Amino acid sequence: MAGRDAQSVPWFAEDRPQAVLADGARLDGRSFEEFRSVFLKTAVISQASGSAYAEFGRTKVMVGVYGPRQSDRRQGYSERGRLACDVKLATFATRQRGIFGQSPEEREYSAIMQTALEAAANLDSFPKATVDVYCLVLEAGGSELAVAITAAALALADAGIELFDLVSACSVSRVEGSLLLDPSADEAHREEAGLLLALMPTCNEVTQLVSRGQWSSSELKDGLELAMGGCAQLDAAARQCLREAAAAAAARQAADGSGGAAALPTTA
């Protein structure tokens, strides 16, 4: 109803497991350093300049990139290009209903993503223009922001935006003293501390780091090393995805070309 507070239907205690580790192992059977099942695909939105879909277990994210377009005058004059990121959780992504407009959490996600991606994009390659990155979280199953950043970098590459390197992002949660890579929603709910790392693996440059909770120096070092290793794994998967997309596009182009040649009339 109009005028009512739209945030309702909170998470109930019985919906969350009492523990996410049993006998020193994760309940979903993964090792502490293992990702959920990962699926990446580009060119999923036909009207976008570039797009990508990422699925990590139950977490599903769609990203569309539009532009470059002429920057609005109200943004001020700049010789360099701009990257504008907008992250939105679908109303059906969680059991907590969304609010009208962008929530504080979504604004925070958008700012974190923009910082993570701006360092990788060559903003001088599209001067006085803006590239818009729209991200929609279709299902929030844990590590949504890390998945969104990884998918957004793929979408930028699919759009032909010049990048210094791809960006991969990983989340790590500390639960019962153990460090868990790519935590699910239940694991993140039980975390004592957590971090998100966005990395350009080839350049070995961190583009974003966000930590939650209290960390000792040794724990933080181990958490960062785990996240960096995870980013390297994702970088390999992302590059493989782009290679397969390029090969498929080349095959389609070759098929179209041969089809056109076969249709030409022959002369005696």
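Remember, predicted model here, so these are calculated numbers, not experimental data. All values below come from the heavy atoms of this structure, side chains included, with hydrogens, waters and symmetry mates left out.
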Please round to the nearest 0.5 Å and tell me the distance separating atom [atom1] of [X] and atom [atom2] of [Y].
X	Y	atom1	atom2	value
C135	Y109	SG	OH	10.5 Å
L40	C241	CG	SG	5.5 Å
T130	L83	OG1	CG	9.0 Å
C170	Q233	SG	CD	7.5 Å
L163	L154	CG	CG	10.0 Å
S37	E34	OG	CD	10.0 Å

Would you mind reporting whether [Y] and [X] have side-chain heavy atoms less than 4.5 Å apart?
X	Y	answer
D182	F56	yes
E205	D165	no
Q208	I112	yes
F35	L234	yes
H189	P183	no
L156	V131	yes
K88	V137	no
M62	I45	yes

What are the two closest non-hydrogen atoms of [X] and [Y], and how far apart are they?
X	Y	result
A157	L242	CB-CD1, 4.0 Å
S143	R36	CB-NH2, 3.7 Å
G213	W215	O-CD1, 3.9 Å
T59	A140	OG1-C, 4.4 Å
A152	L117	CB-CD1, 3.6 Å
D158	S51	OD2-N, 3.0 Å

Under 3.5 Å, side chain of [X] to main-chain N/O of [Y], donor-acceptor pair present?
X	Y	value
E144	G142	yes
T207	A119	no
Q214	A193	no

* Asked: Name the one of L196, L197, L180, V210 that satisfies side-chain contact (heavy atoms from CB on, under 4.5 Å) with S171?
  ->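 Testing S171 for a side-chain contact (heavy atoms from CB on, under 4.5 Å) against L196, L197, L180, V210 leaves exactly one candidate, L196.
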Quick one: do [X] and [Y] make a salt bridge, cutoff under 4.0 Å?
X	Y	value
R30	E187	yes
R174	E219	yes
R212	E191	yes

* Within a reach of under 6.0 Å around CD of E225, are more than 12 heavy atoms found that belong to other residues, nucleotides or ligands? ->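 Yes, CD of E225 has more than 12 neighbouring heavy atoms, counting only those of other groups under 6.0 Å.
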* Asked: Would you say the side-chain atoms of R239 and T202 include a donor-acceptor pair closer than 3.5 Å?
  ->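 T202 and R239 do have a side-chain donor-acceptor pair below 3.5 Å.
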* **Distance-only polar pair, side chains of S184 and R26, donor-acceptor under 3.5 Å** =>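 Judged by distance alone, the side chains do not pair up.
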* **side-chain contact (heavy atoms from CB on, under 4.5 Å) evaluation trace for V61 with Y53** => CA-CA 6 Å; V61 174; Y53 172 79; over 6 Å; no
* Verify side-chain contact (heavy atoms from CB on, under 4.5 Å) between D186 and D28, making sure each step is shown before the conclusion. => CA-CA 11 Å; D186 290 335; D28 57 11; over 6 Å; no
